[in-house]
Student: 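Provided herewith is a single structure, encoded as structure tokens, for subsequent inquiry.
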Amino acid sequence: MIIAIYISVNKNNKEEVIMKRILLVCSAGMSTSLLVSKMQASAENQKIECEINATAEAELKDRIDDTDVILLGPQVRFLLSKIKKSVESKGIPVEVINAVDYGTMNGEKVLKQALDLIK
């Protein structure tokens, strides 16, 4: 899933909007569909403009260039070091979603985790 987050920044006394893209990866992209809904609801409640989509691990290589942060579902945590190494030169942070937050589909906490990584 890709989350495009818009953040206001002050640059030369002008407000500028920067889009941040967060890629969540799981085995087949299916188990994250409920989490997508929960994260969208959380983002709406916090007035964060975002676009959220699910993606399978097999599609990751096609989306690396279009992301700022990668979060892995707990079921693919074994890919952490491999993915970190593959995006190291691009400076993209990679982390595993907390298993409890993922298991309980806590969209608010997963969204916060993503936001904390892009700060």
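Quick caveat: nothing in here was measured; it's all calculated off a predicted structure.
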Student: Roughly how far apart are C26 SG and L60 CG, rounded to 0.5 Å?
Tutor: 11.5 Å
Student: Scan the side chains in residues 88-98 for donor-acceptor partners under 3.5 Å anywhere in the protein, sequence neighbours excluded, and list what turns up.
Tutor:
| from | atom 1 | to | atom 2 | distance (Å) |
| --- | --- | --- | --- | --- |
| K90 | NZ | D65 | OD1 | 2.8 |
| E95 | OE2 | Q113 | NE2 | 2.7 |
| N98 | OD1 | V100 | N | 2.8 |
| N98 | OD1 | D101 | N | 3.0 |

Student: Decide yes or no on side-chain contact (heavy atoms from CB on, under 4.5 Å) for N45 and E108, but give the supporting numbers first.
Tutor: CA-CA 10 Å; N45 289 339; E108 183 176 347; over 6 Å; no
Student: Determine all donor-acceptor pairs shorter than 3.5 Å in which one atom belongs to a side chain in residues 74-84; sequence neighbours excluded.
Tutor:
| from | atom 1 | to | atom 2 | distance (Å) |
| --- | --- | --- | --- | --- |
| Q75 | NE2 | S31 | OG | 3.2 |
| Q75 | NE2 | Y102 | OH | 3.2 |

Student: May I have the step-by-step check of side-chain contact (heavy atoms from CB on, under 4.5 Å) for V87 and T67, ending in yes or no?
Tutor: CA-CA 10 Å; V87 300; T67 191; over 6 Å; no
Student: Within the structure provided, determine whether R63 and V25 are in side-chain contact (heavy-atom separation under 4.5 Å).
Tutor: no
Student: From L23 CG over to I70 CD1, what is the distance, rounded to the nearest 0.5 angstrom?
Tutor: 5.5 Å
Student: Does the side chain of L111 reach to within under 4.5 Å of the side chain of Q46, using non-hydrogen atoms?
Tutor: yes
Student: If you measure from OG on S42 to NZ on K112, what distance do you get to the nearest 0.5 Å?
Tutor: 11.0 Å
Student: Please find the pair of heavy atoms, one from K109 and one from N106, that lie closest to each other, and give the distance.
Tutor: N-OD1, 3.0 Å
